[in-house]
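Below: the structure, in structure tokens.
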Amino acid sequence: MKNITIKSWVFVFLTVGVFIASACSSKGDRGNNGKPQEGDAYFQFKRVDLSPFGLSATIMIPDETAKIGAAYQVNVDNIDDFKWRVSAGPHFELYLEDWGENQEKLERFRESLKEDEIFTRTILTDEKNCVLYKQELKKNVQNETQKHESFHVFGFIKIGNIHYEIRNKTEGDSQKTAQLMMKSIHSFKQK
């Protein structure tokens, strides 16, 4: 009877030891002091290689689990020699444009966000190379029963000696989709 009890305790200790060891190794896989790596930050994204389309770069695009209506298959269309559209269904479209060595594009864009006669624009996030903003029709323009607001992203990323403008469609998107697009813009990097 004592042997069964000792065997049971040994089994319990071994089982607990295995769980502790696996928990420690998964934290160790994260790298620097348990901080998440890119894979953790882009949990519901998939990496898209843009090199077959003339861009020596990759970008992370939300997959179908992000619940924004993104399709499983990502399409990349070369609109012309310097413009591309990356889409994952009808609710996720990013437009990339090659601006060569033009470095001032982002500053000129920030200046263009000032109010005009039709829209009020509110910057929600302004990081070194990417802007997320909300655009609303002014009250004197919109119908009183309907409020029009859309969310927009604009990024300007340098890869090698080339600057790329990345933005969403002109009519904008929902806030959730625009925030996911901002993450995609931050993931755009040289292959």
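These numbers were taken from a predicted model, which means no experiment stands behind them. For this chain, numbers begin at 1 and follow the sequence in order.
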Can you list the residues that meet the ring pair (Phe, Tyr, Trp, His ring centres under 6.0 Å) rule with F151, with sequence neighbours excluded? none

Say you draw a straight line from CD of Q135 to CG of D116; how long is it, rounded to the nearest 0.5 Å? 7.5 Å

Report the distance from atom CH2 of W99 to atom CG of L106, rounding to the nearest 0.5 Å. 12.5 Å

I'd like to check the ring pair (Phe, Tyr, Trp, His ring centres under 6.0 Å) partners of Y95; sequence neighbours left out, ordered by chain and number. none

What do the steps show when you test V153 against R167 for side chain to side chain contact (heavy atoms under 4.5 Å, CB included), and what is the final call? CA-CA 5 Å; V153 291; R167 62 172 51 219; 5.5 Å; no

Decide yes or no for K138 and F119: does some side-chain heavy atom of the first lie under 4.5 Å from some side-chain heavy atom of the second? no

Taking every heavy atom of P62 against every heavy atom of A88, the minimum-distance pair comes out as O-CB, 4.4 Å

Taking all non-hydrogen atoms of both residues, which atom of Y133 and which atom of I123 are closest, and how far apart? CB-CA, 3.9 Å

Can you list every pair that meets ring-ring contact (aromatic ring centres under 6.0 Å, His included) and has a residue in residues 159-180, with sequence neighbours left out? F156-H163, Y164-F188

Considering residues at least two apart in sequence or located in another chain, which fulfil the ring pair (Phe, Tyr, Trp, His ring centres under 6.0 Å) criterion with H186? none

Do NZ/NE/NH1/NH2 and the carboxylate oxygens of K105 and E165 come within less than 4.0 Å? yes

Tabulate below the donor-acceptor pairs under 3.5 Å that side-chain atoms of residues 172-179 make, not counting sequence neighbours, or state none.
unit_1, atom_1, unit_2, atom_2, d
D173, OD1, K169, NZ, 3.2
D173, OD2, N168, ND2, 2.9
S174, OG, T177, N, 3.2
S174, OG, T177, OG1, 3.0
K176, NZ, A66, O, 3.2

Tell me whether T58 contacts the main-chain N or O of V48 through its side chain, where contact means a donor paired with an acceptor under 3.5 Å. no

Quick one: are F45 and S184 in side-chain contact, heavy atoms under 4.5 Å? yes

Looking at residues at least two apart in the chain, or sitting in another chain, which of them share a ring pair (Phe, Tyr, Trp, His ring centres under 6.0 Å) with F82? none

Begin with the C-alpha distance, continue with both residues' side-chain angles, and end with the deciding distance and a verdict on side chain to side chain contact (heavy atoms under 4.5 Å, CB included) for H152 and L132. CA-CA 6 Å; H152 303 262; L132 169 65; over 6 Å; no

Membership question, hydrophobic clusters at under 4.5 Å side-chain separation (ILVMFWY): are I79 and L94 in the same one? no

Closer than 4.0 angstrom, basic N to acidic O: yes or no for D126 and R110? yes

More than 12 heavy atoms of other residues, nucleotides or ligands under 6.0 Å from CD of E101: is that the case? no

Answer yes or no: is there an ion pair linking E111 with R108, defined by an N-O contact shorter than 4.0 Å? no

Separation between CD1 (I162) and CD1 (I157), nearest 0.5 Å, reads 14.0 Å

L55 CG to I159 CD1 distance, which is reported to the nearest 0.5 Å: 7.5 Å

Check ion pair D63-K46 (N to O, under 4.0 angstrom): no

As an exercise, state the distance from OG of S112 to CD of E107, rounded to the nearest 0.5 Å. 11.0 Å

Backbone N/O of F53 and side chain of W84: donor-acceptor pair under 3.5 Å: yes

For a side-chain contact (heavy atoms from CB on, under 4.5 Å) with I59, tell me which candidate from V76, V74, L50 qualifies. L50

Provide the closest heavy-atom pair for D49 versus K191 in the form atom of the first, atom of the second, distance. OD2-NZ, 2.8 Å

Spatial distance of atom CD (E136) from atom NE2 (H148) [nearest 0.5 Å]: 9.0 Å

I would like to know whether S187 and Y42 meet side chain to side chain contact (heavy atoms under 4.5 Å, CB included); could you show each step before the answer? CA-CA 9 Å; S187 75; Y42 290 93; 3.6 Å; yes

